[in-house]
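Scope of the values below: all heavy atoms of this structure, side chains included, with no hydrogens, waters or symmetry mates. These numbers were taken from a predicted model, which means no experiment stands behind them.
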Amino acid sequence: QVQLVESGGGSVQAGGSLRLSCVVSGFTYSRDCMGWFRQAPGKEREGVAAIDSDSSTSYADFVQGRFTTSQDNAKNTLYLQMNNLKPEDTAKYYCAAGRLQNGGAWCVHPPPGGIYWGQGIQVTVSS
């Protein structure tokens with residue numbers, strides 16, 4: 001059974017930082033393509049960042065230079081370091097693994113199949 005479990009969300013003032021973590025289990029290709037999406041109320045889910053099988057990364061323009069994604073293969077954990085947070089970053093953030101090719105979460109060599117999702121975690125940035 002595939003499980004992706006996020007942690008590290010919360011509330012922060014503008015300009016602050018948060019680090020999200022995502023522990024992945026039961027996924028054969030967990031090291032091939034993983035990333036982050038977010039969804040604000042009334043908006044579509046959008047790709048934020050991804051890390052590919054060759055460790056290359058992709059980012060959405062709106063987080064470029066502020067967010068960094070990385071992974072610890074030994075711990076099967078994906079991270080999203082978020083710096084200089086803005087109120088418009090407020091959203092529910094989702095960890096994802098699989099065939100990620102959406103906006104800023106784009107793997108050039110994604111594995112076959114679909115996408116596995118975490119349950120999501122709230123990030124709220126106040127001005």
Side-chain angles (χ1 to χ4, degrees):
Q1 182 180 359
V2 177
Q3 280 192 316
L4 293 84
V5 181
E6 301 102 335
S7 62
S11 298
V12 65
Q13 288 191 328
S17 298
L18 286 173
R19 189 177 81 155
L20 304 183
S21 299
C22 173
V23 179
V24 182
S25 60
F27 183 53
T28 302
Y29 297 102
S30 62
R31 301 179 183 182
D32 283 356
C33 178
M34 297 183 62
W36 299 90
F37 288 69
R38 71 185 189 186
Q39 188 168 19
K43 295 189 177 182
E44 293 187 353
R45 191 173 297 188
E46 57 186 359
V48 174
I51 186 162
D52 211 332
S53 56
D54 61 357
S55 297
S56 62
T57 54
S58 68
Y59 296 95
D61 288 344
F62 51 78
V63 303
Q64 188 78 37
R66 301 188 296 124
F67 291 11
T68 303
T69 190
S70 61
Q71 62 184 24
D72 184 333
N73 289 335
K75 297 181 179 180
N76 282 337
T77 301
L78 179 73
Y79 301 101
L80 183 68
Q81 178 66 44
M82 304 184 293
N83 297 329
N84 191 22
L85 283 160
K86 304 176 180 180
E88 52 264 42
D89 294 319
T90 295
K92 196 167 188 179
Y93 284 71
Y94 296 87
C95 174
R99 195 169 189 81
L100 306 186
Q101 295 188 319
N102 177 296
W106 193 279
C107 288
V108 176
H109 307 289
I115 300 174
Y116 296 93
W117 298 95
Q119 80 282 1
I121 193 163
Q122 182 66 33
V123 171
T124 302
V125 185
S126 57
S127 57

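Here the straight-line distance linking atom NZ of Lys43 with atom CZ of Arg38 works out to 8.0 Å at 0.5 Å rounding. The distance from the OG atom of Ser70 to the CG atom of Leu78 is 7.0 Å, given to the nearest 0.5 Å. The structure places CD1 of Ile51 at 11.0 Å from CG of Leu80, a figure rounded to the nearest 0.5 Å. Rounded to the nearest 0.5 angstrom, Cys107 SG and Arg99 CZ are separated by 10.0 Å. Between atom OH of residue Tyr79 and atom CD of residue Gln71 there is a gap of 10.5 Å, rounded to the nearest 0.5 Å. Here CD of Gln39 is found 9.0 Å from CD of Glu46. Values are rounded to the nearest 0.5 Å.
Counting only heavy atoms from C-beta outward, the side chains of Pro110 and Leu100 never approach each other to under 4.5 Å. Within the 4.5 Å cutoff, the side chain of Leu85 has no heavy atoms near those of the Gln13 side chain. Taking the side chain as every heavy atom from C-beta outward, Met34 and Thr69 never approach each other to under 4.5 Å. Within the 4.5 Å cutoff, no side-chain heavy atoms of Ser56 are placed close to those of Val108. Looking only at side-chain heavy atoms (C-beta outward), Tyr59 and Thr68 come within less than 4.5 Å of each other. His109 places a side-chain heavy atom less than 4.5 Å from the side chain of Asp52. Taking 4.5 Å as the limit, every side-chain heavy atom of Phe62 sits out of range of all side-chain heavy atoms of Glu88. Looking only at side-chain heavy atoms (C-beta outward), Arg66 and Met82 stay at 4.5 Å or farther from each other.
The main-chain N or O of Val5 is never found under 3.5 Å from a side-chain atom of Gln119 such that the two would form a donor-acceptor pair. With hydrogens and angles ignored, the 3.5 Å screen pairs no side-chain donor or acceptor of Gln81 with any backbone N or O of Arg19.
Of all heavy-atom pairs between Ala40 and Thr90, the closest is CB-O, 3.8 Å. Of all non-hydrogen atoms in Ala49 and Ala105, the two that sit nearest each other are O-CB, 3.5 Å. Here the closest heavy-atom approach between residue Ser17 and residue Asn83 is recorded as OG-OD1, 3.0 Å. For the pair Pro87 and Ala14, the tightest heavy-atom approach, listed with the atom from each and the gap, is CD-CB, 4.1 Å.
Using bins of under 30°, 30° to 60° and over 60° for the plane-to-plane angle, the ring pair Tyr93/Phe67 lands in the tilted bin.
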Self-check item: side chain to side chain contact (heavy atoms under 4.5 Å, CB included) assessment of Cys95 paired with Trp36
Solution: CA-CA 5 Å; Cys95 174; Trp36 299 90; 3.9 Å; yes
Exercise. Walk me through it: do Ile115 and Asn102 pass the test side chain to side chain contact (heavy atoms under 4.5 Å, CB included)?
Key: CA-CA 11 Å; Ile115 300 174; Asn102 177 296; over 6 Å; no
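Under the 4.5 Å side-chain heavy-atom criterion for ILVMFWY residues, no single connected hydrophobic cluster contains both Val63 and Phe37. Under the 4.5 Å side-chain heavy-atom criterion for ILVMFWY residues, no single connected hydrophobic cluster contains both Tyr94 and Ile121.
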